[in-house]
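Shown next, in structure tokens, is the structure this report addresses.
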Amino acid sequence: MSNLYNPSDDYRNWWNLGGIVEFDGPSGERLRGEIVRVSSNPDYLHVEVNGRRYEVFHSSDNVRQVGGW
């Protein structure tokens, strides 16, 4: 049986589909986009920016959450 989840202060800090993040792009520019795919590896995301999809690595691409939940 399911249980009602009581969200804590970190409820909105999950790396979920639809989350908005900023990251360092391939040419060093700072990009902002929406998480469109997540992996079982928590360091790896697909982020869509203006119709283009980027493979983003949390540890090496300086990823920061900015909203979108």
Side-chain angles (χ1 to χ4, degrees):
M1 178 165 69
S2 64
N3 292 309
L4 178 62
Y5 179 73
N6 185 8
S8 63
D9 290 341
D10 66 351
Y11 180 69
R12 297 192 178 275
N13 290 328
W14 295 348
W15 297 93
N16 283 328
L17 294 176
I20 305 300
V21 295
E22 289 182 342
F23 61 97
D24 295 337
S27 299
E29 72 279 31
R30 196 77 178 144
L31 299 174
R32 179 183 286 201
E34 178 182 345
I35 298 172
V36 294
R37 182 174 182 227
V38 294
S39 170
S40 59
N41 176 350
D43 193 42
Y44 173 74
L45 306 166
H46 279 195
V47 179
E48 187 171 305
V49 179
N50 298 324
R52 300 181 80 183
R53 186 179 286 203
Y54 294 84
E55 292 180 342
V56 178
F57 294 89
H58 187 272
S59 59
S60 61
D61 292 327
N62 195 23
V63 180
R64 299 286 181 253
Q65 290 184 318
V66 294
W69 309 272

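The residues of the chain are indexed from 1 along the displayed sequence. Since the model is a prediction, treat every value here as computed from it, not as a measurement.
- With respect to Val47, the side-chain contact (heavy atoms from CB on, under 4.5 Å) criterion is satisfied by exactly one of Val56, Leu31, Val36, Val63: Val56.
- For the pair Arg37/Tyr44, a side-chain contact is recorded, criterion being any heavy-atom separation below 4.5 Å from C-beta on.
- Between Glu22 and Arg32, at least one side-chain N (NZ, or NE/NH1/NH2) sits under 4.0 Å from a carboxylate O, which counts as a salt bridge.
- In this structure, Arg30 and Asp24 have side chains that are in contact, with non-hydrogen atoms separated by less than 4.5 Å.
- Looking at heavy atoms from C-beta onward, Val21 lies in side-chain contact with Ile35 at the 4.5 angstrom threshold.
- Here the straight-line distance linking atom OH of Tyr54 with atom CG of Leu45 works out to 15.0 Å at 0.5 Å rounding.
- Using a 4.5 Å heavy-atom cutoff, the side chains of Phe23 and Arg64 are not in contact.
- For Asp43 (side chain) and Ser59 (main-chain N/O), a donor-acceptor pair under 3.5 Å exists by modelled atom type.
- One N or O on the side chain of Ser39 and one on the backbone of Asn41 form a donor-acceptor pair closer than 3.5 Å.
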